[in-house]
Structure formats: structure tokens, C-alpha cells
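Indexing begins at 1, ligand by ligand and atom by atom, following the structure's order.
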Amino acid sequence: AEPSSYSDASVVFRMTKPAVLVLNEKTAHVIQTAFQHADYPDIKGEKSVRFLGKIAYGLKNIHIGELTIENTTVDLKEDDTIDIGIQNVSASFQGTLSYGYVGGWLVKLIHSIDFEIESSIDLQINVKLLSDDGRVIVDTSDCYLTFHKLTLHLQGDKDPGWLKQLFTNFISFTLKLVLKNQVCKEINYISQLLADYVHETSANFLKDGDIGVDISVTASPAIKANYIESHHKGLVVYQNHSGIFHDSAFTPSLLTDSKMVYFWFSGQVLNSVALAAFLDKRLELTLSGEKLKEMFEIEELKTQQEIVQKIFRGASYNDSLAKVWSLDPPQIILQPEGTIVKSSVAVELSVPLQGEGPPSVALYFEKEVTVTVQASYMQKNLYLHHSEAMIEIKKLKRAAHIAVNDETLKHILEKIVSVAGIREVVSRFERNISSLLSSKGLDHFDIIDPEIVTKKGHLILQMDFGFPHHLLVEFLKTTL
Ligand SMILES: CCCCCCCC/C=C\CCCCCCCC(=O)O[C@H]1CC[C@@]2(C)C(=CC[C@H]3[C@@H]4CC[C@H]([C@H](C)CCCC(C)C)[C@@]4(C)CC[C@@H]32)C1
């Protein structure tokens, strides 16, 4: 049986090794930040020295100076850890060294002297990904520093003799300890902040007004040799009411590893979004003026214009209004050929009675519409291509003045819906969703060759990407 993390997940995110390597390009930047943000506490110590008695010393105002990182590597250890190696961190630390004799309990300070320490360090961090209460926990406690060099320079090296020799050993031991604790602690802190930041950014991306998606993880992310994969509830939340969960059918074999990232959605997520959009009254529109003209003067109605005039009775399109709304939540069925949308739609056309004055209802009809939509994403826009629709008019009411038989009227309305109506609705979805994606900052991502793939019961977004610099800059600016 699949682990529970699969069956509870309606949304799955997979990042393959090539993506991990791209993100690793900036590991150095994060590590650099960790070194620079770590606070280096004062170090105090005492040491009995032959012929000198007990020496007390203290290092304070320790801060980092120059910092360069030569190289970083990353490796995925199946069902274990993400092993990150940072080679040759060359860092200089400055501070003030105070030292003196300890006579009894009295410390007689002899001198304070500025020091600089040159170091060359390798880091090895074996990251575990866990989960707690729906959030990803990044465990970097498996963190090692290897010191290749730790050279103490005292101010101007005026007296490099006994003093330098004496303190280099003391300091290198205690400083290594402090550096290891502080740097690893800071790396853990920043890593967790980064994980939380990605979670918040993703949750915000999937929220618009009262509609959102609960992307809590259902278990610890999986680490495989060639990808990292996280499993999320994917419950749609509307006005703080969460959708009901149904078993999802995710299995890892549904995704490949030819692209950098994959977003897998079960069909229920789209149906829940459709329900929330319906409840939020987003599935309605009005048509007037030019748009109405386009509908009623399509080429296919060239020979029916006499009847059209009977409907409008000489009123202008600008004074008329068509309201279109969904009567029920649309049903979305994901299939290899595309996204099948079944919707029950009402249309009410109001026209001024005597060709002028306030419009009154001239026509009202309800219809079942089934259309298959294929989506693509290019040049930062969503494109929806729809198939020939199946249309069935279920109800038709007309004002007394429209002396046209039902069959003729139905034929005209079906033509309008199939040729122009659906095209108008689909193009509004395109514009509105493209604008929503852009407002969420999707434009700032360097998305390469995105593909939108529909399979039986699920939708897959797969793509390559360039490093999201803006995201890291935003993170470092806002959280540190
Ligand atoms: C009096 C006469 C007046 C006549 C007027 C009549 C007008 C009314 C006639 C009929 C109305 C009913 C017709 C309804 C048909 C409309 C159907 C219709 O258009 O349905 C589409 C709605 C959007 C959607 C769910 C869809 C398909 C694909 C989904 C998209 C797949 C990926 C998209 C992601 C956001 C990708 C992000 C980019 C990636 C990061 C690279 C995603 C999920 C957005 C939503 C679409 C089906």
C-alpha cells in the first residue's frame, strides 16, 4: 500500500536533481549570510602557564570581515538527507584580545590588543526534511566544520613571540567551538526561515480573496536519488470553510524527472476551486454594446438578421444587456484530451421596450454546455483553446412581442453560444487568470518551456526554471 502521505495528498510538488543544482548555485549566498548574521559571543578563559602563573584572557567584539566561498556541492541521499558540501570558506574575523595575570581572585589586566584571525573552513551539512503540524521542518543539526587554517594575527604583530604562541592554541580551540556552534545554529535558523518563506509564498500564490488552498504537508517530504517530493493536502478553503477530502490517486510513477519541477493536482482540487468560484459569484458576466453586437451579427446569422431585429425592436446594442451566470458549480473532468467542463448556464437578455427607455427582459434561456479546454502558458500568459461545444437548451422564455417559433429561436441562440458565447467566456477566463497569475508575481519567475498536461483525473504542470533571484533577494531583505 502507498504510504499515507500519498493517499492524503491532492497536490504534490516534485523538484528534480537539475533544479536542486540550480538552487545550489545560491547556497553560497545563504551560507555567506549565515556567517555574516551569526553573532559571535565574547570568549573568556583562563590557562595556567609555566613560569607565568595563571593567565586570564578574553576575546570580545568578534565580528566577521572578508568572506569568500570557493565551491558548493549537493547530493541527494535516497530516503535520507540532502548532503551539502561547502568548500574553502575563507573568512577573516576581527576582535579585541584582553589578557592578564590571575593573582588570587584579582585579575591584573596587562593589555588589550586587536586581533585578526584568518581561517579556511569546509562545511558539510546533511539536511533532513521532516514535518510537524503541516509544515516542513528543516533539520541541519548534522553540521560539521573542518578548519584547514586558523591563523591569529595580533595588532601589527608587534610582539609575535610568546604572546602569539600562547594564545594561538587557546584561541583556535575555543574559536573553532564557537564558530561551529554559532555558524551551524545560524544555518539552521536561516534554512527554516527559507522553508517557511517558501510555504507562505506558495500559500499566498494560491489565494485570491476568500478562496485559498490549504497546502499543509501530509508527511515529511520524500528525498530520492533524483528528486525531492512534497505531498500537500490541497484542500480548497472558501471563507475559512475547508473542502472535504477524498482519497487522491497520486503515485510517484505519475511524474517523470525530465523537467526541473512538477506540480501535480488531483481533479478534486479544480472541482473545489470551481465550487468556490461559483459560491463567490465569480461565474457570471454581463454583455452589452459591441460584445452583444458581435454575438448577434456573426456570419452564421447573416440570413437571420430580420429575426434579430424583432428581438431588439430597433433598440441599440448599447441600451441592451445580456446577463450570463452559472446555475450550478461547473463540473470539471480531467482527461488526456483536456479539461472537460460541464456547466449549466442561464442567459437573460434585456432590451428597451419601445426601442428606448429602461430595458426589460426580452429573452431568458438555460442551457447545458460541455466543452473541452486545452491550456498552455507562453510569454507570461495563459492560453485556453476550446473544442466544439455540446449545447442543449433546457428552458426558453421570451417576451410576447418576439413572434418567432421556439425551434428557430433555439437554433439562433445555439449558434450564438457555440460560435461567439463560449469564445467570449473562455477568453475572459484567459484574461482574468493571466492577470491573477501576473498579480501574484509569476512574471518575475524565469519559467522555461512550461507544459500543462492533463491525464485521467489529474493535472500536471511541469517546467524548467532559471534561479528565482528576486525570491532570494526578497527573502534576505524581508526576513533577515
Ligand atoms: C443572448 C445571447 C448572449 C449569449 C452569451 C452566451 C455566453 C455563455 C455561453 C456559454 C457559457 C458556458 C461556457 C463555459 C465554458 C468555459 C470553460 C472554460 O473556459 O473552463 C476553463 C476554466 C479555467 C481552467 C480551469 C480550465 C482549463 C485549464 C485550467 C488551467 C490549467 C493550468 C492553469 C494554471 C493556473 C497554470 C499556471 C501556469 C503555470 C505556472 C505555467 C489552470 C489551472 C487555470 C484554470 C484553467 C477550464
ask   = Going by atom types only, do D139 and S141 share a side-chain donor-acceptor pair under 3.5 Å?
value = yes
request  = Report the nearest protein non-hydrogen atom to atom 19 (O) of ligand 1: residue, atom name, distance rounded to 0.1 Å.
outcome  = F429 CD1, 3.3 Å
inquiry  = Starting from atom 40 (C) of ligand 1, what is the nearest protein heavy atom, named by residue and atom, and what distance separates them?
reply    = L442 CD2, 4.0 Å
query = To the nearest 0.1 Å, how far is atom 23 (C) of ligand 1 from its closest protein heavy atom, and which atom is that?
reply = I433 CD1, 3.8 Å
note = If we number the atoms of ligand 1 from 1 as shown, the ones under 4.0 Å from a heavy atom of F296 are 1 (C), 2 (C)
request  = May I ask you to check whether F445 and H470 place their ring centers less than 6.0 Å from one another?
outcome  = yes
ask   = Could K440 and F205 be counted as a cation-pi pair, given that NZ or CZ must be under 6.0 Å from the ring centre and within 45° of the axis?
value = no
Side chains of V183 and L123 in contact at under 4.5 Å (non-hydrogen atoms) = yes
query = In ligand 1, which numbered atoms sit nearer than 4.0 Å to a non-hydrogen atom of V417?
reply = 9 (C)
Any residue meeting ring pair (Phe, Tyr, Trp, His ring centres under 6.0 Å) with H199, in chain and number order, not counting sequence neighbours = none
query = Of all the non-hydrogen atoms in the protein, which one sits nearest to atom 5 (C) of ligand 1, and at what distance?
reply = L287 CD1, 3.7 Å
inquiry  = Please check if the number of heavy atoms outside K380 that lie under 6.0 Å from its NZ is greater than 12.
reply    = yes
ask   = For ligand 1, which atoms, with element, lie under 4.0 Å from some heavy atom of V371?
value = 15 (C), 17 (C)
request  = May I ask you to identify the nearest protein heavy atom to atom 20 (O) of ligand 1, giving residue, atom name and distance to one decimal place in Å?
outcome  = V341 CG2, 3.6 Å
key: Option with minimal heavy-atom separation from atom 33 (C) of ligand 1, where the choices are L382, L270, T286, V261   = L382
task = Starting from atom 4 (C) of ligand 1, find the nearest protein heavy-atom neighbour and note its residue, name and distance.
result = I416 CG2, 4.0 Å
query = Counting heavy atoms only, which of L459, V347, L363, L384 comes nearest to atom 1 (C) of ligand 1?
reply = V347
query = Would you say atom 45 (C) of ligand 1 touches the protein, meaning some protein heavy atom is under 4.0 Å from it?
reply = yes
ask   = Tell me, do Y144 and N126 make a side-chain contact under 4.5 Å, heavy atoms counted?
value = yes
message = Among all protein heavy atoms in this structure, tell me which lies nearest to atom 14 (C) of ligand 1, with the distance rounded to 0.1 Å.
response = S343 OG, 3.8 Å
remark   = Sorted by chain and number, sequence neighbours left out, ring pair (Phe, Tyr, Trp, His ring centres under 6.0 Å) with F35 holds for none
key: Residue pair L23 / F467, side-chain heavy-atom distance below 4.5 Å   = yes
note = of all protein heavy atoms, closest to atom 7 (C) of ligand 1 is G421 CA, 3.6 Å
query = Between the main-chain N or O of E407 and the side-chain N or O of N405, is there a donor-acceptor pair closer than 3.5 Å?
reply = yes
ask   = If you count the atoms of ligand 1 from 1 in the order shown, which ones are under 4.0 Å from a heavy atom of P450?
value = 41 (C)
ask   = Out of K367, E424, E368, who gets a non-hydrogen atom closest to atom 9 (C) of ligand 1?
value = K367
inquiry  = Looking at non-hydrogen atoms alone, which of N381, T370, T339, I412 comes nearest to atom 26 (C) of ligand 1?
reply    = T339
message = Within the 4.0 Å heavy-atom shell around I452, which atoms of ligand 1 are there?
response = 31 (C), 32 (C)
ask   = Only one of K293, K291, E297 forms a side-chain hydrogen bond (donor to acceptor under 3.5 Å, both in side chains) with Y317, so which one is it?
value = E297
